[in-house]
Undergrad: 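Okay, here's the structure, questions in a sec.
Just so we're on the same page: letters track the sequence lines, and every chain starts at 1.
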2 protein chains.
Amino acid sequence: MQAATYFFVFVNLSLAVFEDPAVYPLPFLATSLVEVLCLLVFFSRLLHFAKVTPRNTFWKDAKNICLMMAILVTLTDLIIHGALKICNITSVRYSRIMRPIFLVNFTESRQMRRAFRSIRNTLPEITYVFLLFMFSVLMFSLMALKLFGDRNLQTVEGSPYFTNYLEIVFDLYVLVTTANSPDVMMPAFDFSWWYSLFFITYVIINTYIFMSVFLAVVYNNYRKHLKNEIRKLAYMKRHKMVEAFNILKVKEGSEFVVKESQWKQVVKLVAPEISTSHRELLLRISDDEQKGYVDKKSFVRLADLLNIQVITMKIRSHPLEHWLPHVYNSAASRFLRSMVRHKRFVWTYDVIILINAIFIALDEENPLISYAEWAFLSLYITEILLKLYTYEPRTFFAKNQFWNWFDTLIIIAALVATILNATFKSTSKYNGQQVLDIVFILRVLRLIRIVDSIQRFRVIMNTLINIVPTMLTFGGLALVVYYMFAIIGMEVFQGKIQFFAAGSTDPHALECGNVALKDSTFARAKYCKNNFNDIASSFIVLMELTVVNQWHVLAGGFARVTHQAAKLYFIAFHIVVVIMIVNIFIAFILEAFFVEYSLEKSEVETAIEKKIQELGVGVQEEDLLDGKLIDNMETTENNVEGDGIKTSRGLVFKIASKRYRTVDALLQRMFEAEIPSEDEGLSFDEILNLSPADLYPKSPTFDSAA
Amino acid sequence: MQAATYFFVFVNLSLAVFEDPAVYPLPFLATSLVEVLCLLVFFSRLLHFAKVTPRNTFWKDAKNICLMMAILVTLTDLIIHGALKICNITSVRYSRIMRPIFLVNFTESRQMRRAFRSIRNTLPEITYVFLLFMFSVLMFSLMALKLFGDRNLQTVEGSPYFTNYLEIVFDLYVLVTTANSPDVMMPAFDFSWWYSLFFITYVIINTYIFMSVFLAVVYNNYRKHLKNEIRKLAYMKRHKMVEAFNILKVKEGSEFVVKESQWKQVVKLVAPEISTSHRELLLRISDDEQKGYVDKKSFVRLADLLNIQVITMKIRSHPLEHWLPHVYNSAASRFLRSMVRHKRFVWTYDVIILINAIFIALDEENPLISYAEWAFLSLYITEILLKLYTYEPRTFFAKNQFWNWFDTLIIIAALVATILNATFKSTSKYNGQQVLDIVFILRVLRLIRIVDSIQRFRVIMNTLINIVPTMLTFGGLALVVYYMFAIIGMEVFQGKIQFFAAGSTDPHALECGNVALKDSTFARAKYCKNNFNDIASSFIVLMELTVVNQWHVLAGGFARVTHQAAKLYFIAFHIVVVIMIVNIFIAFILEAFFVEYSLEKSEVETAIEKKIQELGVGVQEEDLLDGKLIDNMETTENNVEGDGIKTSRGLVFKIASKRYRTVDALLQRMFEAEIPSEDEGLSFDEILNLSPADLYPKSPTFDSAA
């Protein structure tokens, strides 16, 4: 159901690829039919919601109203547009801007909605800083007008320098983004070097200080509001757990408790996927003294316990040991396996990778080198086979063995692509450039593995891999904003600038098919392909605008072919994306890195680990592939005897590597130290109405809370 | 003594202005004599140090050794250079790079040394991230070579696109700084829009993620090490205070205490500048129950108490009230004063400022407008006079009344400059452009005042003003790095690129006096004035390189006139300044902002404030100029009667506004929550040898500590 909704949301979004202006044009009838289908799906999903939620809750929820409005408006727009099309009148399909609403507002994208809410809450404070910043820009512009306006200076292009106030404001706004530095300064600097001080002061105040302040404000507020949301969630979770406890409780002595059997049933019900031994482990933690019941405090903690991924691993002997015990345990086989386990094996392959890198850089045409490629491929395949021979395959390809998966997939893909490429080459004159490109990329990606063999790099890489899920939320956020700007951009600029491939004989090829661009910086820099003529190009242009550099050239070009007011579009994009979204992205990476840097484990995680250690069924990640596992197991066996958990030989637990943490878990981990664990007194309504001020009565800020 | 050292350090540094290549040339003999004089001063200062510090400590201190070496090397270099000059052999004055050593290593610049130490400690971790980042750049370059190398594509300038590996690495390194985006992508993008994905991936990974990681690592480490240093200081302070207590203590009942009289003597000795009533206040805090003695805990806190600026204010009646009581207290005068105090008075002037802004933007040549300037000036002066009439002058110009000072100085300066300008204009044909420029700037600066009348803006402005002292430390840091790079730059690039003023008839004017630059982007952008021909130009070029945009054009230009290896100079500058220094700057602004955001006061501050409140001698900052002061005073008087502190009528205390906090205080405030207040067990040596690991045994990171 959820997957289907996502699918239709993306189908709906991707309609922009096929609608006019299209990358791959389809008739209007086709796209509009698909759109109607999507709307139907969304509507039925909404109906389903309405059925399962109480009426009051449903109509109170702003997102449901929002969705209904969006469906209605889109449908109306579609009908009007269709009708007008039949009469050959072109109209603007304005409802296309509303499509991301579906992405944001279906329940599944909770993270994204939360991010948007946080942005909305950050707005007031940002606005004040922004006004102050604009005031500073306006002041400096006034100064620049007075200082340079009457000097008859000229820019590099020969136009008058700093004579029109509005143009100065734009130029100095661009300077804040540093995109026109140092060009904007050169005429004044050429006149006298004293004037450079004006620009240096400007850059220090407006670029360095104000932009840092923006980051600080965004960081501070975003974090504050996010924390508030997470806190609400934590309160709600605890509230529900207490409710559950109250239903299940029985009196035992002086206190209310939940019986072991009931507890087991509950866990089986809410988490049917976990193994029996895992459940026993959790019980041992919840009922520490083995009294046969779980008290309130431990029961409430259950939700957190279930959130922690505990991997139950079976220590399996290698399948070959089963099938061919004599061969596998022979002296030669043992020697081979110890060789593969040895550090020098890794080093040897590191050297091979380095040599491979040199070969890749060399000329492809040389036949010797293209044969070498086969040699390298077979070396890599040998490595994987040797490792599979040495380590138990299911352990080798365990969920958390990122690098093993990465290696194997890359090698297999490279093998397939190389074979394909060779086949194409030999059978026909077809030059499989696309396949070759993929081969090249895969070949280089193979080299990345060398990073994993250096401990310090591995730590950094792991941190980076850990924050990938978080970054995906921002990917969604960026997609929404980009999509809206792209749709507007296509409506406004579509067809105004055209790209002509090299060697085109069109008389206007050099001015991008628009005489207004004659002698413009835009045309001279050959930016013609940066246009809004289809959604793909629009996204690429918007990406370039996000990177900021030369955005004034792009803005100038589009301003020329429309009217100067088009600059507003680009300034708006800069404010929304660069000042808001990018800063939030940076803030989140900073925060995630700080969290990852702290090696502290959370309270519950430590409790589980302690218990695992106590029971002697723990295993260190490093041991997993180092062959120490068996020794470890043997020691374990001695300790476990007579224990409540039936740890049959070859069963160990391990807290999952932090790698596959969800965004929610990461967020909760970030703020969990600050979420009080005692109060349960708040009612459900009170929790929902919590404002940040309520939660931080004393000190509503990052620093004090941190 | 300290001022003299600073003076000579700056004289020594500023020699670069007069030495060849000079802004204002002076003969070698003159500059070298001044340098020798400076060295003599430094040496005598060092001798002085050696006398007052124990021999062991002196020779153990790396900075003394460093200073001695620098003096020795400079002297030798000077002699050799002089001797060679007599024989007409030019040699490199390499010792000039060492001049910032004197700035860093004299005791007074503690903050800067601390910053450098923190940078040094951050290096290892940064290095690993940097290596990983370079690895990523190299991988992508390899991919780019394979993907685009054989396509026969051309750049905008017509040179082959992505064919040489080293050039690709440079181009992609530049892309990380975004300086050549989107130009570097355009040829591939023109060929097929699929290839833009390569560049987008590259930018996301290397610019957005890696640069944020750099910021995170710099922030995290810099903060960690800084905290460690501050912690050491706090330990040392406490240690010394305990020592002092042990000398002064007498037995009183079961505990050791310091007698009130002794305590007063000590305070008088260490802080002779504080007033008697301030001292009484501190005593009341230290001896809370008025037992006549101070116990150990309170005594140790004395240093912190003395660090807090408590302003003792005398509520003085207006001098005019003394001299002309009848006139000053007449009905008309009372009305005038109440008018000035009214909010509408402020609003009126806000409107006047806005009208003024419009007049400034209008054309100067119109005589009516230049008369209007006189009108505005007189309006502003009237305002200040009225305020001085209403408020007591010494209160109006109190140390912490930033905006009053700012206003008055700007107005007076504008008055003087305008009169000067008018005089010049009327008496002769002399066109005092410099004076006029200053008049223009002052006129615009006047408008800033409007910010102060909006509460939200004032808060942000105050925060910004608060972090100015901190930023000055970074100014010093930047100066040191800039100076070194400027000296190297001048030695390497001096005279290679020349600037010819507009209208020059030199045949090479268009190629900056160097044929190698013919048809280069550098010459076409008219960057000829961006050269290393004197220290001022060098600093400006380095500033442009810090801003990053177009740095590849600058680097390319200088690489052409020397050899390609010159690019290394620019890359080194980028790594040192943009990746390290700028990130530290941003980190510090972030941190300072977070601290300022938290409205929490420190423990000691609260203690003082509580006592002030208790004694009823407090005053709110807002009351100060609002005329509520007198009412407040009257209430106060009633409460204070019979109190230990002789609060004569018109004496109030106030914790100084946070504005004039020192950097050290800010730092300490940042970390004070984390500095434990109990342990005193550490010996002096133990404190000095503390490593970050010792201080944070459990969790050596920002997040956990925060």
Undergrad: At a heavy-atom separation under 4.5 Å, does A:Ile450 approach chain B through its side chain, its backbone, both, or neither?
TA: side chain

Undergrad: Looking only at heavy atoms, which two atoms of B:Leu362 and A:Lys146 are closest? And how far apart?
TA: O-NZ, 3.3 Å

Undergrad: Sort B:Arg151 into side chain, backbone, both or neither according to what part of it lies under 4.5 angstrom from a heavy atom of chain A.
TA: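 Contact with chain A is through the side chain of B:Arg151 alone.
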
Undergrad: Once you round to the nearest 0.5 Å, how far does CG of A:Leu147 lie from CD1 of B:Ile438?
TA: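 Result: 10.5 Å between the selected atoms.
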
Undergrad: Examine whether an atom of B:Phe214 lies under 4.5 Å from a heavy atom of chain A, and if so say whether it belongs to the side chain, the backbone or both; otherwise answer neither.
TA: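 Contact with chain A: none, neither part.
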
Undergrad: If I measure from the heavy atoms of chain B, does A:Met143 come under 4.5 Å with its side chain, its backbone, both, or neither?
TA: both

Undergrad: A side-chain contact here means heavy atoms from C-beta on lying under 4.5 Å apart; do B:Leu138 and A:Leu447 qualify?
TA: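 B:Leu138 does not reach A:Leu447 side chain to side chain.
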
Undergrad: Among A:Gln154, A:Met461, A:Gln550, who wins on heavy-atom pairs under 4.5 Å with chain B?
TA: A:Gln550

Undergrad: Are the side chains of A:Ile586 and B:Met211 in contact, using a 4.5 Å heavy-atom criterion?
TA: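 When only atoms from C-beta onward are counted, A:Ile586 and B:Met211 do not touch, as no gap falls below 4.5 Å.
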
Undergrad: Pick from A:Val156, A:Ile460, A:Asp190: which one has the most heavy-atom pairs with chain B under 4.5 Å?
TA: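 Top count of heavy-atom pairs under 4.5 Å with chain B: A:Asp190.
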
Undergrad: Where does A:Phe499 contact chain B at under 4.5 Å (heavy atoms): side chain, backbone, both or neither?
TA: side chain

Undergrad: Distance check, rounded to the nearest 0.5 Å: A:Leu131 atom CG versus B:Ile454 atom CD1?
TA: 8.5 Å

Undergrad: Between A:Tyr527 and chain B, with a heavy-atom cut-off of 4.5 Å, which part of the residue counts as in contact: side chain, backbone, both or neither?
TA: both

Undergrad: Using non-hydrogen atoms only, which part of A:Met139 is less than 4.5 Å away from chain B: side chain, backbone, both, or neither?
TA: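 Its backbone and side chain both get close to chain B.
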
Undergrad: Quick check for you: to the nearest 0.5 Å, what is the distance between B:Ser181 atom OG and A:Trp551 atom CH2?
TA: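 Between atom OG of B:Ser181 and atom CH2 of A:Trp551 there are 13.5 Å.
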
Undergrad: Counting heavy-atom pairs under 4.5 Å with chain B, which one of A:Ile204, A:Val451, A:Leu145, A:Val439 comes out on top?
TA: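 Greatest number of close heavy-atom pairs with chain B: A:Val451.
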
Undergrad: State, to 0.1 Å, how close A:Glu544 and B:Pro182 come at their nearest heavy-atom pair, and which atoms those are.
TA: CD-CB, 3.4 Å

Undergrad: What's the separation between atom CZ in B:Phe148 and atom CG in A:Asp437, rounded to the nearest 0.5 Å?
TA: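 Separation between the atoms: 8.0 Å.
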
Undergrad: Within the distance-only criterion (no hydrogens, no angle test), does the side chain of A:Lys526 pair as donor or acceptor with the backbone N or O of B:Met186 below 3.5 angstrom?
TA: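 Side chain of A:Lys526 to backbone of B:Met186, a donor-acceptor pair under 3.5 Å: no, none is there.
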
Undergrad: Going by heavy atoms in the side chains, are B:Val203 and A:Met543 under 4.5 Å from each other?
TA: yes

Undergrad: For chain A, which of B:Leu445, B:Thr177, B:Asn180, B:Leu590 has the most heavy-atom pairs under 4.5 Å?
TA: B:Leu590

Undergrad: For the interface with chain B, which of A:Thr178, A:Thr207, A:Asn549 has the highest count of heavy-atom pairs at distances below 4.5 Å?
TA: A:Asn549

Undergrad: Among B:Trp194, B:Tyr165, B:Phe189, B:Phe140, which has the most heavy-atom pairs under 4.5 Å with chain A?
TA: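 Top count of heavy-atom pairs under 4.5 Å with chain A: B:Phe189.
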
Undergrad: Taking side chain as everything from C-beta outward and backbone as N, CA, C, O, which of these in A:Thr546 sits under 4.5 Å from a heavy atom of chain B? Side chain, backbone, both or neither.
TA: both

Undergrad: Roughly how far apart are B:Ile589 CD1 and A:Phe210 CZ, rounded to 0.5 Å?
TA: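 Between B:Ile589 CD1 and A:Phe210 CZ, I get 10.5 Å after rounding to 0.5 Å.
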
Undergrad: A:Ala501, A:Ala179, A:Gly149: which one forms the most heavy-atom pairs within less than 4.5 Å of chain B?
TA: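 Ranked by heavy-atom pairs under 4.5 Å with chain B, first place is A:Ala179.
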
Undergrad: Test side chain to side chain contact (heavy atoms under 4.5 Å, CB included) on B:Val547 and A:Tyr208; report intermediate values, then the result.
TA: CA-CA 9 Å; B:Val547 173; A:Tyr208 286 109; 4.2 Å; yes

Undergrad: Are side-chain heavy atoms of B:Met185 and A:Ile540 found at a separation under 4.5 Å?
TA: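 Result yes, sub-4.5 Å side-chain heavy-atom pair found.
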
Undergrad: Using heavy-atom distances under 4.5 Å, tell me whether B:Ser136 contacts chain A through its side chain, its backbone, both, or neither.
TA: neither

Undergrad: Under 4.5 Å heavy-atom distance to chain A, tell me which part of B:Val548 shows up: side chain, backbone, both or neither.
TA: neither

Undergrad: A:Phe135 versus chain B, heavy atoms under 4.5 Å apart: side chain, backbone, both or neither?
TA: side chain

Undergrad: Between A:Asp183 and B:Val553, does a side chain to side chain contact (heavy atoms under 4.5 Å, CB included) hold up when you go through it step by step?
TA: CA-CA 11 Å; A:Asp183 306 78; B:Val553 175; over 6 Å; no

Undergrad: Does any part of the side chain of B:Ile441, heavy atoms only, come nearer than 4.5 Å to the side chain of A:Phe198, both counted from C-beta?
TA: no

Undergrad: Give me the atom names and distance for the closest heavy-atom approach of A:Ala357 to B:Leu142.
TA: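 So the two residues come closest at O-CD2, 4.1 Å.
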
Undergrad: Around atom OH of B:Tyr128, are there more than 12 heavy atoms of other residues, nucleotides or ligands at under 6.0 Å?
TA: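 No.
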
Undergrad: For a 4.5 angstrom cut-off between non-hydrogen side-chain atoms, does A:Phe585 reach B:Ile209?
TA: yes

